[in-house]
Amino acid sequence: MVASSAAEEIVLTADAAHRVSALLISPPGAFACYVLAHGAGVGMTHPSMQSVAVELGERGVATLRYQFPYMEQGAKRPDPPVLCHATVRAAVAKAGELKLPLIAGGRSFGGRMTSQAQAKSALPGVRGLAFLGFPLHPAGRPSDDRAEHLFDVTIPMLFLQGTRDALADLSLLRPLVDRLGKRATLTLLEDADHSFHVPAKTGRKDAEVRRKILDALAAWTKTLIAG
């Protein structure tokens, strides 16, 4: 499938005091839409986010990526969780207008804010959560405390993680996924770090890793919808 990479600009209302930008790529014949949140340090227009959106479009998955208010304002400190959750809900509501099956999640911080929102109250129309590098703990401080809310998530979850991810120690992540049971799927990208970068000595390029990530995400989404 060949999809246009042209994105429609949208404005979302997170709450009475905050409006944020969003970008929708919806290829003809899309079978699902991924509501895609950015990580803590880069916004929705970062090349990595653009590549994910465009290449998912080529796989038949529409994307609605959006800014959290602090990123929209050019600030470095993330918003309080309650505002992030409201922003996630606004994006999901907008994506719901496409009348497509929805999955939600995103990069690192954005994926965690999405799962927190889902744990508190189900996101309407969202059938599963997909994490592009779930930030299980801060670098150098292994813990699975950040994952406690995941046990309140009752829909399927896909964890796409690099084996060298400093924010997700595999000795903690694997047992966590096992405890979550059938609702959780873990896909590991060999030698990839939290940004899905692989060392040059592997002989592989980041684009190759990204293809594997997006192939896995699209396949999981199709299976989820078919089930």
Side-chain angles (χ1 to χ4, degrees), residues 20 22-23 34-53 55-56 63-72 74-89 91-92 103-119 123 126 128-150 153 157-170 172-174 176-177 180 184-198 206 209-210 212-214 216-217 220:
V20 297
L23 293 170
Y34 184 27
V35 187
L36 174 59
H38 61 74
V42 299
M44 68 176 182
T45 60
H46 188 271
S48 63
M49 294 285 288
Q50 171 75 6
S51 294
V52 166
E55 293 175 32
L56 278 176
T63 54
L64 179 68
R65 53 195 154 114
Y66 58 97
Q67 303 278 66
F68 287 111
Y70 78 96
M71 188 64 68
E72 186 82 353
K76 293 184 178 180
R77 185 180 180 85
D79 303 303
V82 66
L83 179 53
C84 290
H85 300 165
T87 309
V88 170
R89 292 188 183 281
V92 167
I103 58 172
R107 282 286 300 130
S108 195
F109 170 82
R112 184 162 67 96
M113 291 300 102
T114 302
S115 59
Q116 286 181 359
Q118 174 69 28
L123 296 165
V126 172
L129 302 181
F131 307 115
L132 304 178
F134 187 85
L136 188 59
H137 52 75
R141 294 162 55 192
S143 169
D144 61 4
D145 292 347
R146 285 182 173 178
E148 288 185 7
H149 71 280
L150 295 177
V153 174
M157 291 172 278
L158 174 65
F159 294 80
L160 295 157
Q161 305 281 158
T163 60
R164 294 191 307 113
D165 191 337
L167 277 65
D169 189 311
L170 288 182
L172 295 173
L173 184 61
R174 282 193 173 109
L176 167 67
V177 170
L180 288 169
T185 300
L186 174 61
T187 297
L188 294 174
L189 291 306
E190 196 66 32
D191 299 315
D193 63 14
H194 189 63
S195 298
F196 298 117
H197 172 70
V198 290
D206 291 355
V209 175
R210 187 172 63 250
K212 290 184 177 180
I213 291 168
L214 301 183
L217 196 161
W220 176 82

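Index from 1, following the sequence.
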Between the OG atom in S115 and the CZ atom in R146, the distance rounded to the nearest 0.5 Å is 11.0 Å
Taking only residues two or more places apart in sequence or in another chain, which ones pass side-chain contact (heavy atoms from CB on, under 4.5 Å) with A119?
H149, D152, V153
Note, R164 side chain near F196 side chain (heavy atom, < 4.5 Å)
no
Would you please name every residue forming a salt bridge (Lys or Arg N to Asp or Glu O under 4.0 Å) with D191, sequence neighbours left out?
R204
Residues passing the side-chain contact (heavy atoms from CB on, under 4.5 Å) test with M71, sequence neighbours excluded, are H38, Q67
Taking all non-hydrogen atoms of both residues, which atom of L64 and which atom of A91 are closest, and how far apart?
CD2-O, 3.2 Å
Calculate, to the nearest 0.5 Å, the distance between atoms CG and CG belonging to L129 and L123 respectively.
7.0 Å
Can you sort out the partners of A139 under side-chain contact (heavy atoms from CB on, under 4.5 Å), two or more places apart, ordered by chain and number?
A166, L167
Any sub-3.5 Å donor-acceptor pair from Y34's side-chain atoms to A130's backbone N or O?
yes
Does a side-chain heavy-atom distance below 4.5 Å link L172 with L136?
yes
Minimum heavy-atom distance P81-Q116, with the two atoms named:
CB-OE1, 4.0 Å
For the residue pair A168 and Q161, what are the closest heavy atoms and their distance?
CB-NE2, 3.6 Å
Is the backbone N or O of L83 less than 3.5 Å from a side-chain atom of D79, with the two atoms forming a donor-acceptor pair by type?
no
Going by the side-chain contact (heavy atoms from CB on, under 4.5 Å) test, name the single residue among L186, L150, T185 that passes it with L180.
L150
The side-chain hydrogen bond (donor to acceptor under 3.5 Å, both in side chains) partners of S48 (sequence neighbours excluded) come to H46
Side-chain touch L36/Y66, heavy atoms, less than 4.5 angstrom:
no
If you define the side chain from C-beta out and look only at heavy atoms, does anything of L188 sit under 4.5 Å from R174?
yes
Minimum-distance pair of heavy atoms, taken over all atoms of A104 and T114:
CB-CG2, 3.7 Å
Heavy-atom nearest pair, P69 first then T87, reads CD-OG1, 3.4 Å
Going by side-chain contact (heavy atoms from CB on, under 4.5 Å), name the residues that satisfy it together with A216, two or more places apart in sequence or in a different chain.
L160, T187
Is the closest side-chain heavy-atom distance between D169 and H137 below 4.5 Å?
yes
Output all residues satisfying ring pair (Phe, Tyr, Trp, His ring centres under 6.0 Å) with F109, sequence neighbours left out; order by chain, then residue number.
F68
Side chains of M113 and P78: closer than 4.5 Å at any heavy-atom pair?
no
Please identify each residue that fulfils side-chain hydrogen bond (donor to acceptor under 3.5 Å, both in side chains) with R210, with sequence neighbours left out.
E55
Here the pair of heavy atoms bringing A192 nearest to V209 is CB-CG1, 4.3 Å
Do T63 and V52 make a side-chain contact, defined as non-hydrogen atoms from C-beta onward lying under 4.5 Å apart?
no
Residues in side-chain hydrogen bond (donor to acceptor under 3.5 Å, both in side chains) contact with T45, at least two apart in sequence or another chain:
none
For S108, all residues meeting side-chain hydrogen bond (donor to acceptor under 3.5 Å, both in side chains), sequence neighbours excluded:
H194
Say whether, by atom type as modelled, one donor and one acceptor occur between the side chain of R65 and the main chain of V35 under 3.5 angstrom.
no
Sequence-distant partners of F134, ring pair (Phe, Tyr, Trp, His ring centres under 6.0 Å), two or more places apart
F131, F159
Can you sort out the partners of D144 under salt bridge (Lys or Arg N to Asp or Glu O under 4.0 Å), two or more places apart, ordered by chain and number?
R179
Between D206 (side chain only) and V198 (backbone N and O only), is there a donor and an acceptor less than 3.5 Å apart?
yes
Quick one: are L170 and T163 in side-chain contact, heavy atoms under 4.5 Å?
yes
